[in-house]
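Letters A, B, ... are given to chains in the order of the sequence lines, protein chains preceding strands, and every chain is numbered from 1.
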Amino acid sequence: MTSEAGPMGPMGSDILHVDMDAFFAAVTLLGRPELRGQPVIIGGGPRGVVLSATYEARAYGVHSAMPLARARRLCPSALVLPPERDRYQEVSRRVMAVLRDVTPLVAPLSVDEAFLDVSGARRLFGTPVEIARMIRARVLADEGLTCSVGVAPTMFVAKIASTRCKPDGLLVVPPGDVLAFLHPLPTSALWGVGRATEAALDRLGLRTIGDIADCPLLTLRHALGDAAAQHLHALAHGRDERAVDPDTTEVSVSAEHTLSVDVAEADQLARELLRLSGQVARRLRARGRATRTVGIKIRFADFTTVTRARTLREPTDVSQEIYRTALALFREAGIAGRAVRLVGVRAANLTEAGATGHQLAIDERPAAWSQLDRATDAAGHRFGAGAVAPASLLPRQPPPPRAPKPHNP
DNA sequence: TCTGGGGTCCTAGGACCC
DNA sequence: TCTGGGGTCCTAGGACCC
């Protein structure tokens, strides 16, 4: 709980939301300056979606999460480039470091967004607005990238503010202006209102945030359930008790993959589960964590999705154990023969690795599997991820030429 | 339009315990 | 024998976010 007030008191606009503009596209364009000013879309794959698009492409109606096929139709002149995730991560780390130079109270929301509580930084760096200007200038000078910053008394108002001043903007919402700022906005501007909730609100005749504020809580509760109703009602009145929390400990780790064509063959799906289990386990080990609940996700050709999960007696970070559980879940799910478009593996219920004494079955020699993982991780560090893989994941060799049958006269 | 991959949080129902 | 109520843990599904 960081409720300490800055020199302006607890009611100042001390929360910043920093949001990079068209982040993936902007970073990619740093390496391709000749493309500046043109419609560029980041995305790829036979069944891909738009991950990011320049504002020139957005002018044609292209936006994030849109199927690439549709984006291409809307904007045939756009250049579609593959994502460069490592570069995005790298730039993200440096931008977050700029923010942490201002205050340790930085809560990253994703690679390209973060909240800051600057109430303790006034003495060093000035008012929140001055800090926002400084951050924008430094990110531009250091990285050649623009960002938009919302400044407000609460996290969610700061977030809406940054969204409404994009791109390359700065918007301050003083405490006294919060309700006048919020109430005319459509319900969908609220954090937590997506398609389904917007439709439910619409059925109640609620179109703006002001409408929600005026609606009795009980009515909202019937339509949305307890938690969502409370949440939205509070937000609509400008109330948001959350503090900027720099703790970023994950609750789960997952890996999933959409196959380039639908697959019904069990062996091929099992190989995919093996690969994804390895990815999940490797990430767990890299973070020093272990999982007690292993889950799988299967999406069929018709887009219906099932999940299955199993909680283990002891946490594990061993690739083979995660795979064995995932495979058992897959076999027990009774979906043999159906055409699958996506498979996923998830680890939840995370603990610190080694926090509990390993109590292991004697017959399965997990110590040996664990050693294999460590060796694989080390090789991955030296030779790049994927340098060492289970034999069943290696590209399949053509069958060896058949030896001529010995003549046995 | 034909829908990625990484996450978080909530709900509802069942098992189990007291 | 018909029958409470609360708490915790687990699973499946879904909404939502970037």
Side-chain angles (χ1 to χ4, degrees), chain A residues 17-24 41-53 61-75 82-83 85 88-89 92 107-115 155-156 159-160 162-163 166 187-201 221 223-232 242 245 247-260 262 276 279-280 283 292-313 329 332-333 341-350:
Chain A
H17 180 256
V18 178
D19 195 349
M20 303 300 296
D21 298 321
F23 183 58
F24 291 4
I41 293 170
I42 307 298
R47 294 168 145 180
V49 298
V50 174
L51 300 173
S52 177
V62 172
H63 59 77
S64 293
M66 172 184 283
L68 266 182
R70 182 170 180 224
R72 283 200 165 99
R73 263 192 304 275
L74 284 174
C75 184
R85 297 185 187 276
Y88 307 151
Q89 283 294 347
S92 174
L109 199 61
S110 66
V111 280
D112 66 338
E113 268 180 68
F115 288 104
M155 290 170 65
F156 95 98
K159 165 100 175 136
I160 297 178
S162 71
T163 306
K166 284 188 147 298
T187 57
S188 59
L190 278 181
W191 213 24
V193 176
R195 249 205 355 223
T197 308
E198 187 183 6
L201 291 170
R221 214 174 254 157
L224 307 174
D226 214 6
Q230 290 279 6
H231 177 69
L232 295 187
R242 293 170 310 160
D245 180 2
D247 178 16
T248 55
T249 313
E250 304 97 331
V251 171
S252 69
V253 169
S254 66
E256 60 184 52
H257 180 64
T258 296
L259 304 155
S260 54
D262 298 339
L276 296 167
Q279 266 184 40
V280 167
R283 284 184 213 160
R292 271 193 67 223
T293 304
V294 175
I296 61 167
K297 171 165 155 184
I298 306 291
R299 175 167 290 154
F300 300 105
D302 67 359
F303 228 71
T304 57
T305 305
V306 298
T307 61
R308 294 291 182 269
R310 172 164 302 158
T311 298
L312 312 170
R313 276 202 306 270
L329 288 168
E332 291 159 16
R341 79 174 274 140
L342 171 147
V343 282
V345 173
R346 186 174 117 95
N349 232 321
L350 305 187

[X] has a side chain; which of [options] sits nearest to it?
X	options	answer
A:Ser254	B:dG6, C:dA15, B:dG5	B:dG6
A:Pro67	C:dT11, B:dG6, B:dC2	B:dC2
A:Lys159	C:dA12, C:dC17, C:dC10	C:dC17
A:Ala227	B:dG5, B:dT11, C:dC18	B:dT11
A:Thr307	B:dG5, B:dG6, C:dG13	C:dG13
A:Val306	C:dA12, B:dG5, C:dG13	C:dG13
A:Arg47	B:dG4, C:dC10, C:dA12	B:dG4
A:Asp112	C:dC16, B:dG5, C:dC18	C:dC18

Using a cut-off of 4.0 Å on non-hydrogen atoms, how would the nucleic acid contact of [X] be classed: base, sugar-phosphate, or nothing?
X	answer
A:Val111	nothing
A:Ser64	nothing
A:Val193	sugar-phosphate
A:Glu113	sugar-phosphate
A:Leu329	nothing
A:Ala65	base
A:Arg292	sugar-phosphate
A:Val251	sugar-phosphate
A:Arg283	sugar-phosphate

Less than 4.5 Å apart, side chain to side chain, heavy atoms only: is that true for A:Phe115 and A:Leu109?
yes
Within the 4.5 Å heavy-atom criterion, are A:Gln89 and A:Val111 side-chain neighbours or not?
yes
Counterpart base for B:dC10, defined by Watson-Crick or G-U wobble contacts under 3.5 Å:
C:dG13
If B:dC18 has a Watson-Crick or G-U wobble mate with both distances under 3.5 Å, name it; if not, just say none.
C:dG5
Interatomic distance at P, C:dC18 relative to B:dT3, whole Å
22 Å
Sidechain-backbone polar pair: A:Arg341 side chain, A:Phe303 backbone, donor-acceptor under 3.5 Å:
no
Does a salt bridge link A:Glu256 with A:Lys297, judged by any charged N lying under 4.0 Å from a carboxylate O?
yes
Between A:Phe24 and A:Glu250, name the one whose nearest nucleotide on DNA chain B is closer to the 5' end.
A:Phe24
How do A:Lys297 and A:Leu51 order along DNA chain B: which one's closest nucleotide is nearer the 5' end?
A:Leu51
Distance check needed: [N] [atom2] versus [X] [atom1], whole Å only.
X	N	atom1	atom2	answer
A:His63	C:dC18	NE2	C1'	14 Å
A:Leu74	B:dT1	CG	P	11 Å
A:Tyr88	B:dG6	OH	P	16 Å
A:Asn349	C:dT8	CG	P	16 Å
A:Leu68	B:dC2	CG	C1'	12 Å
A:Ile42	C:dC18	CD1	P	19 Å
A:Arg299	B:dG5	CZ	P	9 Å
A:Leu259	B:dT3	CG	C1'	15 Å

Contact under 4.0 Å: [X] side-chain N or O vs [N] OP1/OP2:
X	N	value
A:Ser110	B:dG7	no
A:Ser252	B:dG6	no
A:Thr311	C:dC9	no
A:His257	B:dG5	yes
A:Arg341	B:dT3	yes
A:Arg73	B:dC2	yes
A:Arg85	B:dG5	no

Residue pair A:Thr307, A:Ile296: steps toward the side-chain contact (heavy atoms from CB on, under 4.5 Å) verdict
CA-CA 6 Å; A:Thr307 61; A:Ile296 61 167; over 6 Å; no
Step-by-step side-chain contact (heavy atoms from CB on, under 4.5 Å) determination, A:Thr197 to A:Leu232:
CA-CA 10 Å; A:Thr197 308; A:Leu232 295 187; 4.0 Å; yes
Closest non-hydrogen atom pair between A:Ser64 and A:Ser52, with its separation:
OG-CA, 4.3 Å
Answer with yes or no whether the side chains of A:Gln279 and A:Arg283 bring together a donor and an acceptor at under 3.5 Å.
yes
Determine whether the aromatic ring of A:Phe303 stacks with the base of B:dT3, defined as ring centroids separated by less than 5.5 Å and ring planes inclined by less than 30°.
yes
